[in-house]
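Both counts, for ligands and for their atoms, begin at 1 and track the order of listing. Predicted, not measured: the structure shown is a model, and the values here were computed from it.
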Amino acid sequence: MTLNARIPSGPIQEKWDRHRFELKLVNPANKRRYTVLVVGSGLAGGSAAASLSELGYNVKCFCFQDSPRRAHSIAAQGGINAAKNYPNDGDSIWRLFYDTVKGGDFRAREANVYRLAQISVHIIDQCVAQGVPFAREYGGLLANRSFGGAQVSRTFYARGQTGQQLLLGAYQALEKEVAKGGVTMFPRTEMLDLIVIGGRARGIVVRDMVTGKISSHLGDAVVLGTGGYGNVFYLSTNAKGSNATAIWRAHKRGALFANPCYTQIHPTCIPVSGDYQSKLTLMSESLRNDGRVWVPKRKGDTRPPGEVPESERDYYLERKYPSFGNLAPRDIASRAAKEVCDEGRGVGPGGLGVYLDFADAIRRLGEDKIRERYGNLFEMYQRITDENPYKLPMRIYPAVHYTMGGLWVDYNLQSTVPGLFVIGEANFSDHGANRLGASALMQGLADGYFILPNTIGDYLAGAKADSVGASHPDVAGAEAAVNDRVRKLLAIKGKRTVDSFHRELGKLLWDKCGMARRAAGLREAIQRIPALREEFWRNVNVPGSDAELNQALEKAGRVADFLELGELVCRDALHREESCGGHFREEYQTEDGEARRDDERFAYVAAWEWRGEGQDPCLHQEPLAFENVKLATRSYK
Ligand SMILES: Cc1cc2nc3c(=O)[nH]c(=O)nc-3n(C[C@H](O)[C@H](O)[C@H](O)COP(=O)(O)OP(=O)(O)OC[C@H]3O[C@@H](n4cnc5c(N)ncnc54)[C@H](O)[C@@H]3O)c2cc1C
């Protein structure tokens, strides 16, 4: 299979404009004849569904929560990037483009990233028009703060609740369309398969999560905005419900899966506190604007932080990366935290923690100012740890946070299955091997509000397919397969809980394919995961029935998918014999412990094809060309 990314020709600044002009349009009067199925109503799916309906398409939108307002996007804390240059500190579309390509360690597609930077400025206007209450300066201008991997302030925010406020904006736009009749919303409905007819995505099979009824929805195109798969690691900062089922089932129906091993481990999370824990909590990167990261210089120093004198503290990010300091990008800050903990200088129980200290900022700005900036984050920290971060430094440690991998898409956001579009965190995204903070919201909204509504028309205008009905054999076949799988899970009646399998898989992935990876460990994981999967299908216990609300059954389906995806994550990590961004292979590092890329061999997107159970997946490559940003060793020193 040859991957055609459909990158438009011409100078990078003109590609998107030119492309939009060249895309076919659907006559406004004809749009209502097309039905688009949008799975997901987070920032990506919600904004897409609202925008497509606004254009006149007939939209059906699905989510597994009881309301679109509960999508995982609501958890986003710190902010959203845009190259507005309001602070007049040297930002530009080019700089955001450059920072993102460099931040992703030169493993992203230039044309997509440039378009993202261009669109970033429109997103803010759109959201302000919707009434999103971004923080403002005294004079009324929107305020900005800094995030990692950038030396300018370009992050727009609404205290520590940016995702929630943006989601309310998208939700209102969506509800307006629901009221108008353009969008039909299907909450508490889980997509369990993709229906492909004549080589095109034509529908989905869903399960009503309240009644258990399995049914199909058919349409002219399918859009997946179903979020990331960080929960494959069991412990992550993602919402507990976030899962890979929609994209994984689409993968098994022909959509290639790109760069599955690129996982973002976020440096500032509350450390794991015990085996019973099922979720980790992020402390927003915005805190690194004012917080200073340090550990004691001496190994095994167990003195309380207040008793460690200044001269005996190692502000290791400021020491190692003087020009970016505490705002070094996430992959680099996470590895640096691991390094000091591995040296025995970590703090807190088990030594798996570093301090994030606000004492200097409080002295300089006063406690009120810090409360104004980060009050809700401080409160959250105190509630979880029972420690007062105004008095004691926070203790933080890296945790799985975001997945840069996802379904492969071309410039039009179309997967390798014609008619299947993938947006937001669910696609392999514009972030390369490492996403910069505050860029996920930007990408999800760029995809949903601005890109997809243009590109999907080109597909629809050129592809009016025959109408298909529920009696079509491929529809009946997909439904029967879903029914069989549900029945099979319930019939096993084994001895282990779904969670126990998930936890074991997650620990294996974290140990062998987490912050640091080695060939031997990856090979071991690739051997052990199939055995765990085999045991799952023999020994899992799923109580209850399929005709009711059954969370164990929902989880079982998702964990079964994670057990397959987890293996692909390790295979991808094993094949990529280099270190780049969040993918750190210990064998490939510089003398001072930084990632060593191999551009000769690996400057490509790795896109994997499913070839059936028990078969090895097939690797396809999309070469990456760097014509505007020179390939260079990434340095934040
Ligand atoms: C704690 C935290 C803080 C963050 N803070 C920031 C930040 O400050 N700035 C930033 O840029 N990024 C941040 N991120 C990342 C960002 O929040 C996410 O990448 C982004 O919100 C993902 O949006 P999405 O629309 O792609 O997916 P989600 O918001 O995850 O939405 C997925 C949707 O798909 C639906 N769905 C999934 N599977 C199915 C299925 N099988 N059937 C039916 N429906 C399905 C869900 O119901 C949901 O509606 C943060 C992430 C975390 C974890």
Side-chain angles (χ1 to χ4, degrees), residues 37-49 61-82 120 123 145 147 155-158 160-167 170-171 174 185-194 204-207 209 223-231 236-239 241-250 264 266 268-270 279-286 330 377 380 399-404 406 422-427 429 431 435-445 447-448 554 557-558 561:
L37 309 177
V38 179
V39 188
S41 52
L43 281 175
S47 59
C61 184
F62 304 80
C63 70
F64 62 70
Q65 289 92 351
D66 58 350
S67 158
R69 277 175 310 175
R70 292 194 210 285
H72 159 66
S73 290
I74 204 168
Q77 301 172 348
I80 175 167
N81 285 332
S120 70
I123 296 172
R145 59 187 175 198
F147 257 59
T155 305
F156 294 75
Y157 62 100
Q161 309 173 342
T162 315
Q164 179 174 357
Q165 298 306 332
L166 292 171
L167 191 60
Y171 171 73
L174 183 62
M185 192 66 220
F186 295 85
R188 313 227 68 182
T189 305
E190 183 166 25
M191 167 185 164
L192 294 180
D193 211 345
L194 177 74
I204 57 174
V205 181
V206 299
R207 177 171 180 273
M209 294 160 79
V223 178
L224 301 184
T226 48
Y229 55 87
N231 277 345
S236 91
T237 62
N238 288 11
S242 296
N243 69 87
T245 287
I247 54 171
W248 190 250
R249 308 275 169 103
Q264 176 158 90
H266 197 296
T268 56
C269 303
I270 300 182
K279 167 95 185 68
L280 294 175
T281 307
L282 174 79
M283 287 286 104
S284 166
E285 179 162 308
S286 60
R330 292 176 179 179
L377 300 172
M380 190 162 80
V400 171
H401 177 65
Y402 181 89
T403 42
M404 281 77 69
V422 192
I423 58 177
E425 193 174 340
N427 70 26
S429 88
H431 311 292
R435 173 176 71 79
L436 291 183
S439 287
L441 303 182
M442 172 174 72
Q443 181 228 328
L445 291 181
D447 289 359
E554 290 159 23
R558 295 168 189 175
D561 293 331

Tell me which one of Cys63, Gly225, Ala71 gets a heavy atom nearest to atom 33 (C) of ligand 1. Gly225

Indicate yes or no: does an N/O atom of Ala44 lie under 3.5 Å from an N/O atom of ligand 1? yes

Which atoms from ligand 1 have a heavy atom of Gly40 less than 4.0 Å away? 33 (C), 34 (O), 35 (C), 49 (O)

So, does Val39 sit close enough to ligand 1 that a heavy atom of it is under 4.0 Å from the ligand? yes

Listed by chain and number, what are the ring pair (Phe, Tyr, Trp, His ring centres under 6.0 Å) partners of Phe62, not counting sequence neighbours? Phe186, His217

For atom 3 (C) of ligand 1, which candidate among Ile80, Ile423, Thr245, Leu282 provides the closest heavy atom? Leu282

Hey, is Leu441 touching ligand 1 through its side chain, its backbone, both or neither, going by heavy atoms under 4.0 Å? both

Is the closest heavy atom of Ala75 to ligand 1 under 4.0 Å? yes

Measure Val206 to ligand 1 on non-hydrogen atoms and call it side chain, backbone, both or neither using the 4.0 Å cut-off. neither

What protein heavy atom sits nearest atom 30 (O) of ligand 1, and how far away is it? His72 CB, 3.4 Å

In the protein, which heavy atom is nearest to atom 7 (C) of ligand 1, and how far is it? Gly79 O, 3.6 Å

Under 4.0 Å to a heavy atom of Ser41 - the qualifying atoms of ligand 1, by number: 33 (C), 48 (C), 49 (O)

Across all chains, not counting sequence neighbours, the salt bridge (Lys or Arg N to Asp or Glu O under 4.0 Å) partners of Glu190 are Arg558

Please list the nearest protein heavy atom to atom 40 (C) of ligand 1 with its residue and the distance rounded to 0.1 Å. Met191 N, 3.7 Å

State, to 0.1 Å, how close Met442 and Ser120 come at their nearest heavy-atom pair, and which atoms those are. SD-CB, 3.6 Å

Which heavy atom in Tyr229 sits nearest to a heavy atom in Ala244, and how many Å separate them? CB-CB, 3.7 Å

From atom 14 (N) of ligand 1, work out which of Arg207, Glu425, Arg435, Gln443 has a heavy atom at the shortest distance. Arg435

Considering only heavy atoms from C-beta outward, does the side chain of Met283 approach that of His266 to under 4.5 Å? no

More than 12 non-hydrogen atoms from neighbouring residues, nucleotides or ligands closer than 6.0 Å to CZ on Arg188, yes or no? yes

For Gly78, atoms of ligand 1 separated by under 4.0 Å from a heavy atom: 7 (C), 8 (O)

Interatomic distance, CE@Met404 vs CD@Glu425, rounded to 0.5 Å, equals 9.5 Å

Among all protein heavy atoms in this structure, tell me which lies nearest to atom 45 (C) of ligand 1, with the distance rounded to 0.1 Å. Phe64 CD2, 3.5 Å

Specify the closest pair of heavy atoms between Ile270 and Leu280, including all atoms of both residues, with the distance to one decimal. O-CD2, 4.1 Å

Apply side-chain hydrogen bond (donor to acceptor under 3.5 Å, both in side chains) to the pair Ser242 and Asn231, showing each step before the final yes or no. CA-CA 7 Å; Ser242 296; Asn231 277 345; 4.6 Å; no

Please tell me if the side chains of Leu224 and Met191 come closer than 4.5 Å, counting only heavy atoms from C-beta onward. yes

If we number the atoms of ligand 1 from 1 as shown, the ones under 4.0 Å from a heavy atom of Gly227 are 26 (O), 27 (O), 30 (O), 32 (C)

Rounded to the nearest 0.5 Å, what separates atom CD in Glu285 from atom CZ in Arg330? 4.0 Å

For atom 12 (N) of ligand 1, which protein heavy atom lies nearest, and how many Å away is it? Ala440 CB, 3.4 Å

For a 4.5 angstrom cut-off between non-hydrogen side-chain atoms, does Ile123 reach Ile80? yes

Check this for me - ligand 1, Gly424, N or O atoms closer than 3.5 angstrom, yes or no? no

With backbone taken as N, CA, C and O and side chain as the heavy atoms from C-beta onward, which portion of Ser439 lies under 4.0 Å from ligand 1: side chain, backbone, both, or neither? backbone

Hey, are the side chains of Leu174 and Pro68 touching, using non-hydrogen atoms and a 4.5 Å cut-off? yes

Given Thr189, Ile204, Ile247, identify the one with the heavy atom nearest to atom 43 (C) of ligand 1. Thr189

For atom 29 (O) of ligand 1, which of the options Gly437, Gly42, Ala250, Ser73 provides the nearest non-hydrogen atom? Ser73

Proximal ligand 1 atoms for Thr237, defined as those under 4.0 Å from one of its heavy atoms: 1 (C), 53 (C)

Show the atoms of ligand 1 that are less than 4.0 angstrom away from any heavy atom in Asn238. 53 (C)

Just wondering, do Ile423 and Ser47 contact through their side chains at under 4.5 Å, heavy atoms? no

Non-hydrogen atoms of Gly228 versus ligand 1: any pair closer than 4.0 Å? no

Shortest non-hydrogen contact between Asn238 and Ser236, atoms and distance: N-OG, 2.9 Å

Numbering as shown, the atoms of ligand 1 that approach Ala76 to under 4.0 Å (heavy-atom distance): 3 (C), 4 (C), 5 (N), 6 (C), 7 (C), 13 (C), 17 (O)

Give the numbers and elements of all ligand 1 atoms closer than 4.0 Å to a heavy atom of Tyr402. 19 (O)

Just need the protein heavy atom nearest to atom 46 (C) of ligand 1, so name the residue and atom and give the distance. Gln65 OE1, 3.4 Å

Any Arg435 side-chain heavy atom under 4.5 Å of Ser429 side chain: no

Nearest heavy atom to atom 50 (C) of ligand 1 wins, so pick from His401, Met283, Gln77. His401

